[in-house]
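Everything below concerns the one structure shown next.
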Amino acid sequence: MMTYRIFIVFLCLVSFQIKLNAQPAYYPINHATNNQLSKVLLQSTKNNHTGFRPLLKNKMNVSEAFDSTLQTHEHHQLIDTKKWFWRKLLSESFVLINDGKFHAEINPLFNLEYLIVPDLPDNYTTNTRGIMVNGAFSDKLSFTTKFYENQAFPLPYIDQFVDNHIVMPGQGAAKVFQESGWDFSMASARLSVDFSPAINLTIGHDKHFIGEGYRSLLLSDNSFNYPFVKLQLTTSKVQYISMFTQFQHFADHYYFYHHRRHGNFSYISWLPNERLEISAFEAVIWQTFDEQENNNMNIGFFNPIIFTKAAYLGLNDEHNILLGFQAKFKISTNSLLYGQLMLDNIDFQQLNESYFENKYGFQLGVKMFDLLGNLSPYHQLFVQLEYNQVAPYSYSHAEPLQAYAHFNQALAHPLGAGFRETVAIGNYRFRNFSLRVQYNQSVSSADTAASNNGSNIFLSNESAFGLESDKNTIGQGIRTEIQHTKIELSYRLNPQTSWSIFVGIARRDYVNEIEHTTNDFLFFGMRTNLRNIYYDF
């Protein structure tokens, strides 16, 4: 409901004529966009805080340089030489208002995709339509809002996920559509206000992502949108963010009662020089409703000071508390090293890594740009290698409703906990053509009907296998290995919305002692590529 109220406020504000000439505030949370931005930042000698996304454009110091990379030489020519229809199709926003009193951009959103699985008879399709409105009233006030309406007939393993969780991955609650399909929708909105060059306040209903990786072990865009209020203080050396959220969980049916919880997130980053960024993070999922759904809001929810909640309550509390640390190091002007450490709970009396109460995770990765050197400005080769590992039972809680989750999905990694994963990504770009190759390999645990081996964060810790023992390991119980391989060729038609046509092939292998499934599939379609959707689990 909060989303629609904010959206109505936006529409009302648009009706006023306020003097302005400014751009929308945020870069989208999208891996392709973030990697392009990382490439530009590596060339810069200025300090930039990039650990908490989406990033504010006016805090990056390189917005003009980065925005120019989004348009190729061909697109610049189209703006000068083509007629209105071709400019709108290939270069500009569909509706552009910039009369000196108000700035707004309106664009359609879509994802039309068809998948063919050789050994399965069914057709698998996605039909997404939507709209995006970006605008600003001054250099201090801007907004963005998006709405997606979807119908999908997904692959069998995605269909099974929706059956089990009642949500389409990252895209909200799903209801049955034409017996074998799913219908779902998603709306988001942000209103951003700069009170000074250092102070920003954002309210909205959307997602966030902490880190430089393909995954985040602290806070990711894996789950659905949520309402939030975020205060951000930024200087050249230090950035401090305090964010307050509301999360929900529901069971059996979307229209059953939604169990509400509140989250408090504190984040601080420090830039000692232009090469290094060091950050710390604290998250608390407050148990604000009891079993009778009475509101028991803790006054500590409003405490914005990092680490004070963990120091006062401890990590093993009725409220679910996580600590995180991350670092980013600029190796050279075309390579970046990054990592994360997540602590859910540590028992210092039993530091054996396999002890049940030692819940932690870590990430290590590297990004490398321009591996073809100075061959041509139109030839760009990007490679990313990443390793993630999380101990069993991390993010979970004795009370399942207190899991580090929202809308029946993990707030961090789509595999939940109790896994190790390797991700390798290569992307070659020539002008508007892009060839992307991605490989994911993971090991985790599956459960029987009566077991809890540590990967499912929605199960109570009190049902854990090996409780109070030092025998917990990744892959315990039913050891499961998952491999995803994907090769995609795309052509970008319009840089304003990353409108692309694409074709590709993919394989998913799922192997354990009970099931061995291999699916090869061909896919093609067109989309506006402004968000991340994770089906690689």
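Residues: numbered from 1 along the sequence shown.
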Do [X] and [Y] have a side chain donor and acceptor closer than 3.5 Å?
| X | Y | result |
| --- | --- | --- |
| N303 | T308 | yes |
| Q239 | T234 | yes |
| Y404 | H397 | no |
| S463 | S460 | no |
| N150 | W182 | no |
| N440 | Y534 | no |
| N519 | Y510 | no |
| Y338 | E277 | no |
| T202 | Q232 | no |
| Q384 | H31 | no |
| Y114 | N123 | yes |
| Q483 | Y439 | yes |
| N427 | S434 | yes |

Can you check whether [X] reaches [Y] side chain to side chain, under 4.5 Å on heavy atoms?
| X | Y | result |
| --- | --- | --- |
| K328 | L41 | no |
| I158 | M168 | yes |
| V437 | Y428 | no |
| I29 | N532 | yes |
| L323 | F307 | yes |
| H262 | F244 | no |
| R531 | M186 | yes |
| N222 | H413 | no |

Are the side chain of [X] and the backbone of [Y] linked by a donor-acceptor contact shorter than 3.5 Å?
| X | Y | answer |
| --- | --- | --- |
| D344 | Y395 | yes |
| Q171 | P169 | yes |
| Q402 | I285 | yes |
| Q409 | G170 | yes |
| N264 | V284 | no |
| R53 | G211 | yes |
| K367 | S38 | no |
| E282 | A310 | yes |
| N408 | H165 | yes |
| S445 | S455 | no |

Exercise. What's the verdict on side-chain contact (heavy atoms from CB on, under 4.5 Å) for Q246 and Y226, showing C-alpha distance, side-chain angles and the deciding distance?
Worked result: CA-CA 6 Å; Q246 183 188 86; Y226 44 84; over 6 Å; no

[X] and [Y]: which non-hydrogen atoms are nearest, and at how many Å?
| X | Y | value |
| --- | --- | --- |
| P304 | S266 | O-OG, 3.5 Å |
| L56 | M60 | O-CG, 3.5 Å |
| H379 | L372 | CB-CD1, 3.9 Å |
| N320 | S396 | ND2-O, 3.8 Å |
| A174 | V162 | CB-CG1, 3.8 Å |
| Y393 | N452 | OH-O, 2.8 Å |

Exercise. Atom CZ in F362, atom CG in L217: separation rounded to 0.5 Å?
Worked result: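 It is 9.5 Å, given to the nearest 0.5 Å.
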
Problem set entry | Distance (rounded to the nearest 0.5 Å) between T126 OG1 and L155 CG |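 Going from OG1 on T126 over to CG on L155, the span is 8.5 Å.
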
Problem set entry | Geometric cation-pi criterion, R436 with F502: 6.0 Å, 45° | no

For this session: Examine K486 relative to F523 and say whether NZ or CZ is less than 6.0 Å from the centre of the six-membered ring and inside a 45° cone about the ring axis.
Result: yes

For this session: Please work out whether the ring planes of F537 and F161 are parallel, tilted or perpendicular, with thresholds of 30° and 60°.
Result: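 Taking F161 first and then F537, their aromatic rings sit tilted (interplane angle of 30° to 60°).
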
Exercise. Counting only heavy atoms not in F430, do more than 12 sit closer than 6.0 Å to its CZ atom?
Worked result: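 More than 12 heavy atoms, drawn from other residues, nucleotides or ligands, come within 6.0 Å of this atom.
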
For this session: Could you tell me whether E274 atom CD has more than 12 heavy atoms of other residues or ligands within 6.0 Å of it?
Result: yes

Exercise. Going through the distances and angles, do V366 and V383 end up as a side-chain contact (heavy atoms from CB on, under 4.5 Å)?
Worked result: CA-CA 8 Å; V366 62; V383 171; over 6 Å; no

Step through it carefully: locate the ring centre of [X], locate the ring centre of [Y], and say whether they are under 6.0 Å apart.
| X | Y | value |
| --- | --- | --- |
| F433 | Y491 | yes |
| F250 | F407 | yes |
| F382 | F369 | yes |
| H208 | F265 | no |

For this session: Please assess Y535 against H484 for the test side-chain contact (heavy atoms from CB on, under 4.5 Å), listing each intermediate value before the final yes or no.
Result: CA-CA 9 Å; Y535 290 153; H484 285 265; 6.0 Å; no

Problem set entry | Partner of T480 by side-chain hydrogen bond (donor to acceptor under 3.5 Å, both in side chains), out of D447, N512, N453 | N512

Exercise. Name the one of P414, S444, S442 that satisfies side chain to side chain contact (heavy atoms under 4.5 Å, CB included) with E421?
Worked result: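 Between E421 and the candidates, side chain to side chain contact (heavy atoms under 4.5 Å, CB included) is satisfied uniquely by S442.
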
Problem set entry | Step-by-step ring-ring contact (aromatic ring centres under 6.0 Å, His included) determination, Y240 to F52 | CA-CA 10 Å; Y240 193 88; F52 199 111; over 10 Å; no

Exercise. Can Y387 and R420 be said to form a side-chain contact (heavy atoms from CB on, under 4.5 Å), step by step?
Worked result: CA-CA 7 Å; Y387 179 80; R420 55 178 175 266; 3.3 Å; yes

